[in-house]
*Asks:* 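One structure is given below, represented as structure tokens, and several questions about it will come after.
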Amino acid sequence: METVITRFPPSPTGFLHIGGARTALFNWLFARHHGGKFILRIEDTDLVRSTEASVKAILDGMEWLGLNWDEGPYFQTQRFDIYREYAERLVSTGHAYWCECSPEVIESRRKAAMAEGRKPKYEGTCRAKGLGPGSNRVLRFRTPDTGTTVLKDLIKGPILFENSELDDLVLVRGDGVPTYNFAVVIDDITMNVTHVIRGDDHVNNTPRQILIYMALNARLPEFGHLPMIHGEDRSPLSKRHGATSVMEYKELGFLPEALVNCLVRLGWSHGDEEIFSRAELIEKFSLEAVGKSPGIFNMEKLLWLNAHYIKEKQPEDLVPLLRPFLSARGYPDRPDGYLAGAIGTLQARSRTLVEMADAMRFYMVDEVVYDEAASAKFLGADMRNAFDRLTAELESLESFNEEGLEAVFKKVTGELGMKLGKIAQPVRVALTGATVSPGLFEIIGVLGKETVLTRLRRALARME
RNA sequence: GUCCCCAUCGUCUAGUCCGGUCCAGGACACCGGCCUUUCACGCCGGCGACGCCGGUUCAAAUCCGGCUGGGGACGCCA
């Protein structure tokens, strides 16, 4: 089999969104699985809406997800000469002609057709005029009047289109800029793309594109159309469904491996498996296992996956990822080792880095803030004695490890004839300010002797 | 309106190509229980679906037709 070449061609009119990211991911995986090439191409022929900031945002998103490309990014605006050459070829072979119909006329005919319940189509007014190029004239493709165009879709199977349903699409605009349907075909031909994997919304463009390939005598690539991703209400994913930009997920504290895992399972499956490492994805990915029906993006599953990947990581590896969230909260700076220790106690309790950073507060601040209800309930005068004894015992404890701490707590509770549970919550409140936290001995181990004693004494002082 | 696509638990899906092994399996969420110094994690259990109607067949989630529902496209946007 020849080298597989796929591409991801975003238009730089916004951020890299969830749908685009999945398309990119599937193209990337397909190329990697087959040991082929993955090309990044920026489709910026919409001069008005394209921005450089969007290009940057898309590249950032790709990089964060780890979708590296082998060629590009190419920019369509830098390839006008190529398109012009192919346009001339189509004219000289009788596959394209110049049209002088004004956009206004076309538009009003379109509306009229819709109003009458007909499919709006360009009638071919200028087909036989034999016009040459001129200002404001567009170049149109001469679509065959009869016949059937077949799209052999790798995902959906064969789809038939009657050529009579199609009209003479514009290849080059009045200002000389090529349109999407023309530019993609030329790009995919000249970049030797072998597999076009893209969103479902392009199915209806495909017969037109196939006709252009045929007019150019170019070899057809394979096509695979992915079903769309919808929001909870089954409408196309948009802002009102929450975060749509990939980078927003980074800011919400998600790990790229979780998003990738979530995205790949939307439409693709491998038996009953849910969790896939990058290497496993590359090994197992195939278009045959891609489903045909649209899927709904499910935040709960993403959270579960993210929790999984947070648990799986080494605490040290989480430190640099968490730091931005920590400093955003204005916590004092702490050494890596200390942070890693704290993270280790929070991994099983955090679904996102945001949750983790929030839960980190008591590890970071110099003085804990007591939850009022908790302090009223657990830091009463009845605990004075126990805290007194505990403080004294801890003061003389050499190593603050689990065994030593447990021994101390057992000794004190034994002496006072109380259960561990009785003293645990008050100590927890004294150390963290709240009733919910990681295990007591874990916390003490991370906080260290000095801080623990300071916090216990401060709590003791409040017990009047 | 016209053309195109899709249809299994609330959600993601396995099974559908090659009918019987499926009174439909897994995962998320939800509900119980266990573990336990709190909360989580983990473990165990529960709830829950083949859109509808016909046809073919000894037998249909699986094949065929229709209907309904959803989505997409119909731009000098991509």
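Chain A is the first sequence line, chain B the second, and so forth, proteins listed ahead of strands; every chain is numbered from 1.
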*Asks:* Taking the nucleotide of RNA chain B with the nearest heavy atom to each, does Pro9(A) or His230(A) sit closer to the 5' end?
*Replies:* His230(A)
*Asks:* Taking the C1' atom of each, how far is C64(B) from G25(B), in whole Å?
*Replies:*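 That atom pair is separated by 28 Å.
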*Asks:* Considering residues at least two apart in sequence or located in another chain, which fulfil the side chain to side chain donor-acceptor pair (under 3.5 Å) criterion with Gln209(A)?
*Replies:* Arg198(A)
*Asks:* From the set U37(B), C28(B), C76(B), return the single nucleotide nearest to any side-chain atom of Glu300(A).
*Replies:*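 Of all the options, the side chain of Glu300(A) is nearest to C28(B).
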*Asks:* Can you list, in residue-number order, the parts of residues 159-171 of chain A that come under 4.0 Å of RNA chain B, counting heavy atoms only?
*Replies:*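 Ile159(A), Leu160(A), Phe161(A), Glu165(A), Val170(A) - these, ordered by number, are the residues of the stretch whose heavy atoms sit under 4.0 Å from the strand.
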*Asks:* For nucleotides 64-69 of chain B, give me one character per nucleotide, 5' to 3': B if any protein heavy atom sits under 4.0 Å from the base, S if the only such contacts are to the sugar-phosphate, - if neither.
*Replies:* ------
*Asks:* List the residues meeting side chain to side chain donor-acceptor pair (under 3.5 Å) with Glu355(A), not counting sequence neighbours, and say none if there are none.
*Replies:* Arg351(A)
*Asks:* Among A14(B), A78(B), C3(B), which nucleotide has an atom closest to any side-chain atom of Ser269(A)?
*Replies:*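 Side chain of Ser269(A) sits closest to A14(B).
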*Asks:* Just say parallel, tilted or perpendicular for the rings of Phe223(A) and His225(A), cut-offs at 30° and 60°.
*Replies:*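 Ring orientation, 0 to 90° scale: parallel.
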*Asks:* May I ask you to check whether His95(A) and Tyr86(A) place their ring centres under 6.0 Å from each other?
*Replies:*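 No; His95(A) has its ring centre 6.0 Å or more from that of Tyr86(A).
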*Asks:* Check RNA chain B against residues 340-359 of chain A and give the residues with a non-hydrogen atom under 4.0 Å, in numerical order.
*Replies:*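 Those residues are Ala348(A), Arg349(A).
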*Asks:* Would you check if the side chain of Gln347(A) reaches a backbone N or O of Ile310(A) as a donor-acceptor pair within less than 3.5 Å?
*Replies:*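 Present.
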*Asks:* Per the atom types in the model, does the base of A73(B) pair as donor or acceptor with the side chain of Asn205(A) at under 3.5 Å?
*Replies:*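 Looking at the base of A73(B), it does not pair with any donor or acceptor on the side chain of Asn205(A) (distance under 3.5 Å).
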*Asks:* Using a cut-off of 4.0 Å between protein heavy atoms and nucleotide atoms, how would you tag nucleotides 21-27 of chain B 5' to 3' with B, S and -?
*Replies:* ----BBB
